[in-house]
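Presented below is the structure to which this report refers.
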Amino acid sequence: MTDGPHILPESPEDRQSLAAEYALGVLSGPERAAVQQFVEGDAEFAHLVAEWEERLSPIADDIAPVTPPPRVWSGLQNRLFPTIKSEARHGLWWSLAFWRSVTLASIVVAGVLFAMPLFKTVPSTVSETLVATLESAEHTEKFVALYETGHAILTITALAPNRLPESDYELWLVEIQTAPVSLGIFAGDTSSQIPVPEPLQSKFVIGIKLAVSSEPAGGSPTGIPTGPVLALGTVGEL
Amino acid sequence: MANTQDIEYLLGRVALRDRDAFEQLYTHTSAKLFGVCLRILNDRAEAEDALQEVYVKVWKRADTFAQRGMSPMSWLIAIARNQAIDVVRARKSETVELEEAGSVATQDINPEEQAISASEGRRIDECIEELDERHAVAVRRAYVHGNSYEELANHFDVPLNTMRTWLRRSLIKLKECLER
């Protein structure tokens with residue numbers, strides 16, 4: 001048997017033997033490849049292999065642990081969780097063409113805005129309402145953000161939410177040539193009210209951009225977007 | 001020291017994409033898996049690469065652990081052994097087989113010693129002791145060193161088919177012994 005069995009053996013004894021030999025590790029390269037295919041294609045056979053792996057694993061008890069060097073962990077992180085910084089220079093964020101193509105609210109959207117719940121207290125005379133529609137050509141999600149400058153509350157509504165389980169939408173304030181600053185996470189199922197902290201309030205002016213990215217539940221662990229940017233928009237007057 | 005339930009909990013969190021849990025899992029289990037890879041690969045650089053591949057697989061497949069019905073360390077060790085053995089099998093020549101005395105991890109007991117000395121009461125050891133001495137050594141060499149049928153046949157100076165028969169019969173006996 002030089003190339004490996006082409007089909008899974010019929011008899012239970014032969015299947016047991018093959019599962020055992022695979023778990024022990026003694027099969028040749030081509031045989032292992034063939035058996036790996038059987039494991040992927042046949043749940044019952046995969047279970048036999050798992051049983052054998054479990055049965056034999058106490059033999060590993062006497063294998064001494066050896067601490068791996070730190071570079072293995074850092075290599076893993078770079079590979080599994082690359083940071084946005086390296087992507088940002090070439091990606092969506094810094095694409096001038098993309099930014100120029102983002103437009104302000106349309107009349108249809110303005111109609112939707114008037115129907116949306118606004119913050120309840122009477123606005124002060126110096127407060128203005130700023131708005132942004134956030135969208136992108138590559139994603140279906142659209143968001144509308146309303147910002148009351150006097151109250152420093154941002155209301156964000158998802159128009160076509162499609163949030164994956166175990167993920168959150170995260171809202172970012174984006175000034176050009178600067179790393180995005182998080183305004184917080186929101187579920188998007190209904191309108192969410194996000195208070196804007198004092199240091200950021202002065203940045204909330206016409207022309208500033210807002211973006212929504214998809215992040216792991218609880219938000220980006222790094223402080224900058226780690227997931228795909230779903231929508232981007234420019235803040236303008238209502 | 002993390003116990004089985006801790007590892008199982010961490011794997012569950014990793015399946016939910018919890019990166020902190022993944023880091024903790026790595027902290028608690030990577031030394032063992034690195035040891036396993038080193039015994040099979042006998043090469044530090046290859047073992048480091050293999051270890052990285054192992055944890056990429058753990059990250060990607062953590063959600064399949066629950067359906068395997070295995071204990072968490074057995075599941076992890078199996079991923080490590082499969083990764084390391086696949087690398088060994090892919091090597092151009094399968095002739096390099098360092099003796100335990102010259103290998104990178106020298107603190108552990110070599111398979112020959114294990115076969116001869118009394119076990120600490122582990123069921124698998126008792127069952128392996130019931131096998132013919134050479135078969136017992138072959139089983140341990142296969143498991144710990146990742147030797148192929150061909151390498152074992154060469155080591156014991158028997159025809160390939162004889163080694164296949166020895167091991168197939170031994171594995172069946174082990175199963176029967178463990179099920180008693």
Side-chain angles (χ1 to χ4, degrees), chain A residues 1 13-14 16-33 35-36 39 43 46-47 49-69 71-81 164-167 215-218 221-222 226, chain B residues 16-20 22-23 26 30-32 34-36 38-40 47-48 51-52 55-56 59 68-71 73-75 77-78 81-82 85-86 89-90 104-105 107-109 114 122-125 128 139-140 142-144 146-150 152 163-164 167-168 171-172 174-175 178:
Chain A
M1 192 158 58
E13 293 81 19
D14 289 343
Q16 278 286 358
S17 271
L18 191 61
E21 289 171 314
Y22 178 72
L24 186 58
V26 283
L27 300 177
S28 71
E31 287 171 338
R32 285 177 61 80
V35 175
Q36 264 147 25
V39 167
H47 186 69
V49 169
E51 282 182 340
W52 275 103
E53 286 170 341
E54 184 71 39
R55 201 171 274 135
L56 298 172
S57 67
I59 301 176
D61 286 358
D62 289 327
I63 296 176
V66 176
T67 305
R71 61 175 165 258
V72 176
W73 175 247
S74 35
L76 254 176
Q77 287 203 291
N78 288 335
R79 194 158 149 195
L80 290 175
F81 318 127
L164 297 169
E166 308 304 331
S167 76
E215 298 294 334
T222 65
T226 65
Chain B
L16 297 175
R17 312 286 86 190
D18 181 340
R19 293 182 194 182
D20 285 334
F22 182 64
E23 184 164 1
Y26 182 87
S30 59
K32 183 70 179 187
F34 192 50
V36 166
L38 276 172
R39 289 311 298 269
I40 292 170
E48 287 179 25
L51 191 66
Q52 204 178 103
Y55 281 93
V56 170
W59 174 256
R68 293 311 254 166
M70 289 172 75
S71 67
M73 274 319 292
S74 301
W75 186 76
I77 287 169
R81 290 190 67 248
N82 278 323
I85 291 173
D86 283 344
R89 296 288 173 270
V104 277
Q107 309 98 296
D108 24 296
I109 306 167
Q114 263 189 335
R122 271 201 311 262
R123 196 74 197 111
I124 189 83
D125 286 334
I128 292 176
V139 168
R140 290 192 192 277
Y143 192 88
V144 173
N147 285 162
S148 64
Y149 269 136
E150 198 181 327
L152 291 168
M163 183 53 67
R164 282 185 186 273
L167 285 182
R168 283 185 186 142
L171 288 163
I172 292 169
L174 282 178
K175 180 169 184 281
L178 289 165

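Fair warning: this is a prediction, and the values are worked out from it, not measured in the lab. Just so it is clear: chains get the letters A, B, ... in the order the sequence lines come, proteins before strands, and each one is counted from 1.
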Q | For B:Ile124 against A:Arg55, the heavy-atom pair lying closest together | A | CD1-O, 3.5 Å
Q | Per-residue contact mode, A:Pro68 against chain B (heavy atom under 4.5 angstrom) | A | both
Q) Non-hydrogen atoms of chain B under 4.5 Å away: do they reach the side chain of A:Leu56, the backbone, both or neither? A) both
Q: Report the option among B:Val139, B:Val36, B:Leu167, B:Ile85 that has the most heavy-atom pairs separated by less than 4.5 Å from atoms of chain A.
A: B:Ile85
Q: Decide yes or no for A:Leu80 and B:Phe22: does some side-chain heavy atom of the first lie under 4.5 Å from some side-chain heavy atom of the second?
A: yes
Q) Using the ring of each side chain (for Trp, its six-membered ring), is B:Trp59 parallel, tilted or perpendicular to A:Phe81, with breaks at 30° and 60°? A) perpendicular
(Q) Between B:Ile77 and chain A, with a heavy-atom cut-off of 4.5 Å, which part of the residue counts as in contact: side chain, backbone, both or neither? (A) side chain
**Q.** CZ-CD distance between A:Arg71 and B:Glu48, expressed to the nearest 0.5 angstrom
**A.** 4.0 Å
Q: Against chain B, label A:Glu53 side chain, backbone, both or neither, depending on which of its atoms sit under 4.5 Å from a heavy atom there.
A: both
Q: Give, as side chain, backbone, both or neither, the part of B:Ile128 having an atom under 4.5 angstrom from any heavy atom of chain A.
A: side chain
Q: Looking only at non-hydrogen atoms, find the nearest pair between A:Ala50 and B:Arg68 and report the distance.
A: CB-O, 3.9 Å
Q: Determine the minimum heavy-atom distance between B:Arg122 and A:Asp61, stating which atoms define it.
A: CD-OD2, 3.2 Å
Q. Got a second to check how far A:Glu215's CD is from B:Arg17's CZ, nearest 0.5 Å?
A. 14.5 Å
Q. At a heavy-atom separation under 4.5 Å, does A:Glu166 approach chain B through its side chain, its backbone, both, or neither?
A. side chain
Q | Closest non-hydrogen atom pair, B:Phe34 against A:Val66 | A | CD2-O, 3.2 Å
Q. CZ/B:Arg19 to CD/A:Gln77 distance, rounded to the nearest 0.5 angstrom?
A. 9.0 Å
Q. Got a donor-acceptor contact below 3.5 angstrom from the B:Arg81 side chain to the A:Leu24 backbone?
A. yes
Q: Please flag which part of A:Trp52 lies under 4.5 Å from any non-hydrogen atom of chain B: side chain, backbone, both or neither.
A: side chain
Q. Which of the residues A:Ser17, A:Pro69, A:Ala33, A:Pro165 is involved in the greatest number of heavy-atom pairs with chain B at under 4.5 angstrom?
A. A:Pro69
Q: Provide the closest heavy-atom pair for B:Leu171 versus A:Glu21 in the form atom of the first, atom of the second, distance.
A: CD1-N, 4.1 Å
Q: Drop me the distance from B:Leu174's CG to A:Ile59's CD1, to the nearest 0.5 angstrom.
A: 7.0 Å
Q: To the nearest 0.5 angstrom, please state how far the CD atom of A:Gln16 sits from the CZ atom of B:Arg168.
A: 13.5 Å
Q. B:Asp18 versus chain A, heavy atoms under 4.5 Å apart: side chain, backbone, both or neither?
A. neither
Q) How far does CG of B:Leu38 sit from CD1 of A:Ile63, to the nearest 0.5 angstrom? A) 10.5 Å
Q) For the candidates A:Ala43, A:Gly218, A:Pro216, A:Ala20, which exhibits the highest count of non-hydrogen atom pairs separated by less than 4.5 Å from chain B? A) A:Ala20
Q. Below 4.5 Å, heavy atoms only, C-beta onward: do A:Gln36 and B:Asp86 meet side chain to side chain?
A. yes
Q. Looking at B:Leu178, B:Asp20, B:Asn82, which has the largest count of heavy-atom pairs under 4.5 Å with chain A?
A. B:Asn82
Q) Measuring heavy-atom distances to chain B, does A:Arg32 have an atom under 4.5 Å in its side chain, in its backbone, in both, or in neither? A) side chain
**Q.** Interface moiety of B:Tyr143 toward chain A, non-hydrogen atoms closer than 4.5 Å
**A.** both
